[in-house]
Amino acid sequence: GLPNMSWTPIKRGEVEVVGPHPEHRGLLEVKVPLSAEPPSDWVFAFQNAFGVVTKANMLPPMLDGRDVWLTPRDGELAFYVSHLDERIASANAWYEQNVLPKINARAAREKAEAEE
């Protein structure tokens with residue numbers, strides 16, 4: 001059954017190219033909203049990008065609340081967006097495997113104690 005803590009996997013919204021990066025020549029500043037502000041455990045998994053292939057010269061995405069900022073070189077936007085999708089999927093999977101079971105177990109225990 002579904003946990004009583006409702007968890008909805010995080011998804012990405014529309015990619016918005018803000019413009020040339022103010023500090024780094026040749027880079028773009030790209031803003032991508034997430035479907036919700038992720039919990040801290042999800043952020044941990046997102047930042048570690050478990051099992052996600054990265055390029056050596058890639059700048060990692062920066063998470064700011066529910067917005068992700070990407071800084072691709074011109075011409076690398078598609079790669080950065082697909083990388084972001086992989087990172088989000090990886091963080092969702094890690095969260096569901098490692099964090100949700102503990103939250104659900106705790107919730108079930110609290111529910112059982114409340115019914116005693």
Side-chain angles (χ1 to χ4, degrees):
L2 276 175
N4 37 12
M5 278 267 320
S6 58
W7 159 250
T8 308
I10 303 282
K11 297 185 184 67
R12 100 175 143 73
E14 288 295 311
V15 175
E16 180 196 341
V17 177
V18 178
H21 197 284
E23 289 152 39
H24 302 290
R25 278 191 60 156
L27 298 186
L28 295 172
E29 195 171 38
V30 179
K31 179 179 167 181
V32 186
L34 296 177
S35 53
E37 187 160 335
S40 57
D41 289 308
W42 189 96
V43 173
F44 165 79
F46 178 83
Q47 286 169 339
N48 282 283
F50 300 117
V52 178
V53 178
T54 59
K55 276 186 176 171
N57 62 356
M58 243 187 115
L59 291 164
M62 294 291 300
L63 195 54
D64 177 23
R66 55 184 293 181
D67 292 322
V68 178
W69 291 90
L70 304 177
T71 43
R73 282 171 186 74
D74 219 355
E76 285 189 344
L77 179 59
F79 173 78
Y80 269 69
V81 171
S82 72
H83 170 81
L84 175 61
D85 285 341
E86 284 179 34
R87 240 181 218 260
I88 291 171
S90 159
N92 281 333
W94 185 88
Y95 186 87
E96 284 158 21
Q97 286 159 6
N98 295 283
V99 181
L100 269 191
K102 293 179 189 148
I103 293 175
N104 294 340
R106 194 167 62 226
R109 207 165 49 239
E110 285 168 3
K111 187 171 183 284
E113 285 168 7
E115 285 169 1
E116 270 174 25

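Values below: every heavy atom of this structure, side chains too, minus hydrogens, waters and symmetry copies. Starting from 1, each residue takes its place in the sequence as its number.
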Trainee: If I compare all heavy atoms of Gly65 with all of Pro38, which pair ends up nearest, and what's the gap?
Mentor: O-CD, 3.6 Å

Trainee: Which residues pass the side-chain hydrogen bond (donor to acceptor under 3.5 Å, both in side chains) test with Asn48, not counting sequence neighbours?
Mentor: none

Trainee: In terms of hydrophobic clusters joined by side-chain contacts under 4.5 Å, are Val81 and Val52 together?
Mentor: no

Trainee: How many angstroms lie between atom CH2 of Trp42 and atom CD1 of Ile88, to the nearest 0.5 angstrom?
Mentor: 5.0 Å

Trainee: Could you list all the salt bridge (Lys or Arg N to Asp or Glu O under 4.0 Å) pairs where at least one residue sits in residues 77-90, not counting sequence neighbours?
Mentor: Arg12-Asp85

Trainee: Enumerate the ring pair (Phe, Tyr, Trp, His ring centres under 6.0 Å) contacts for residues 18-37, please, sequence neighbours excluded, ordered by first and then second residue.
Mentor: His21-His24

Trainee: Is a donor on one side and an acceptor on the other found under 3.5 Å between the side chain of Arg66 and the backbone of Leu34?
Mentor: yes

Trainee: Tell me whether Leu84 is reachable from Leu63 by hopping between hydrophobic residues (I, L, V, M, F, W, Y) whose side-chain heavy atoms are closer than 4.5 Å.
Mentor: yes

Trainee: What are the two closest non-hydrogen atoms of His83 and Thr54, and how far apart are they?
Mentor: CE1-CG2, 3.4 Å

Trainee: Mind checking side-chain hydrogen bond (donor to acceptor under 3.5 Å, both in side chains) for Glu115 and listing every partner two or more places apart, or none if nothing turns up?
Mentor: Lys111

Trainee: Of all the heavy-atom pairs spanning Ala45 and Ala91, show the shortest one and how long it is.
Mentor: CB-CA, 3.9 Å

Trainee: So, using side-chain hydrogen bond (donor to acceptor under 3.5 Å, both in side chains) as the criterion, who are the partners of Arg73 when residues are at least two apart?
Mentor: none

Trainee: Search all heavy atoms of Leu70 against all heavy atoms of Pro61 and return the closest pair with its distance.
Mentor: CD2-CB, 3.6 Å

Trainee: Quick one: side-chain contact (heavy atoms from CB on, under 4.5 Å) partners of Asp41, sequence neighbours excluded?
Mentor: Trp94, Tyr95, Val99

Trainee: Would you please name every residue forming a side-chain contact (heavy atoms from CB on, under 4.5 Å) with Glu96, sequence neighbours left out?
Mentor: Trp7, Pro9, Asn92, Leu100

Trainee: So for atom CG, which belongs to Asn57, do other residues, nucleotides or ligands contribute more than 12 heavy atoms lying within a distance under 6.0 Å?
Mentor: yes

Trainee: Under the side-chain contact (heavy atoms from CB on, under 4.5 Å) rule, collect the residues that match up with Lys102, sequence neighbours excluded.
Mentor: none

Trainee: Using a side-chain heavy atom cutoff under 4.5 Å and only I, L, V, M, F, W and Y, what cluster partners does Met62 have?
Mentor: Val18, Trp69

Trainee: Quick check on Glu113: does its CD atom have over 12 non-hydrogen neighbours (other residues, nucleotides or ligands) under 6.0 Å away?
Mentor: yes

Trainee: Could I get the full list of side-chain contact (heavy atoms from CB on, under 4.5 Å) partners for Leu59, not counting sequence neighbours?
Mentor: Leu27, Thr71, Tyr80

Trainee: Does anything in residues 15-30 pair up under salt bridge (Lys or Arg N to Asp or Glu O under 4.0 Å), and if so which pairs, sequence neighbours excluded?
Mentor: none

Trainee: Checking the side chain of Ser90 only, and the main-chain atoms of Ala49 only, is there a donor and an acceptor separated by less than 3.5 Å?
Mentor: no

